[in-house]
Each structure stands twice: as C-alpha cells, then as structure tokens.
Amino acid sequence: RPPSCPSGSRRQCNLFFSTPTTSAMGRKKFLNQTDMKVAVIGDEDTVTGFVLAGVGQRDGQGVTNFLTVDSKTKRRDVEEKFHEMAGRKDIGVILINQTIAE
C-alpha cells in the first residue's frame, strides 16, 4: 500500500489499485488509472469550471459525478452524494471545496 493511503481506506486510493468489473460479455475487465473519473462537490464556480474542463458526466439514469452546493443545499444531501460517489467503482478522486467541507 502506498504511504499516502490511510490504512484500511482502499476506496480513497483507487488510483493505486485495479478494480475488477464485469464487461458486457461476462469477462472481468479491470479499471485502471485511465478509466477512473474525478467527482466534484463544490460551489457553482468550482463545479462549472470542472464541468467545462470535461470532468462532468451524466449517465442514462441521470446520475452525475458532480454536485453544486449553495445556501439551500442540506448537509444531508451533500453527505448522501459523497457516500454515493465513494461507493462507485469508476470514481478515483472526489474533490470537495474547502468551504463545503467545513
């Protein structure tokens, strides 16, 4: 395990590990660093910048890899989105604004 990874937090260190998934043909495919996505939780300016840079993604069910937080966003919603992102096998990094984290 790389020294920058906290003990027992494999989910946070996905860039250093391969995660097996199942392809359409039933064979296992391993996600590597180039397959991982960046997720963003932040204010409107931060999220907009990352989405314009090509980080944003929305799948067929409307699930995104970003969350724009404003004064009306409840803490519970931010926590739920974080846990959703942390549970996804295709997300390697979750970027959170300092103001949102506090």
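Predicted model, so just to flag it, every value in this text is computed and none were measured. Because only heavy atoms are used, hydrogens play no part in the values below, and waters and symmetry mates are left out as well, while side chains stay in.
Between Val40 and Met85, the shortest heavy-atom contact is O-CE, 4.0 Å. Minimum heavy-atom separation, Met36 to Ile91: SD-C, 4.1 Å. Considering every non-hydrogen atom in both Thr68 and Thr73, the closest pair reads O-OG1, 3.9 Å.
Sorted by first then second residue, the salt bridge (charged side-chain N to carboxylate O under 4.0 Å, His left out) pairs that include residues 63-78, not counting sequence neighbours, are Arg75-Glu79, Arg76-Glu80.
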Quiz: residues 93-102 side-chain donor-acceptor pairs under 3.5 angstrom, not counting sequence neighbours:
{"residue": "Asn97", "atom": "OD1", "partner": "Thr46", "partner atom": "OG1", "Å": "3.1"}
{"residue": "Asn97", "atom": "ND2", "partner": "Asp43", "partner atom": "OD1", "Å": "3.2"}
{"residue": "Asn97", "atom": "ND2", "partner": "Thr46", "partner atom": "OG1", "Å": "3.4"}
{"residue": "Gln98", "atom": "NE2", "partner": "Glu102", "partner atom": "OE2", "Å": "3.0"}

Please output the side-chain donor-acceptor pairs of residues 51-62 that fall under 3.5 Å, not counting sequence neighbours, one pair per line with the distance.
{"residue": "Asp59", "atom": "OD1", "partner": "Gln61", "partner atom": "N", "Å": "3.0"}
{"residue": "Asp59", "atom": "OD1", "partner": "Gly62", "partner atom": "N", "Å": "3.1"}
{"residue": "Asp59", "atom": "OD1", "partner": "Val63", "partner atom": "N", "Å": "2.8"}

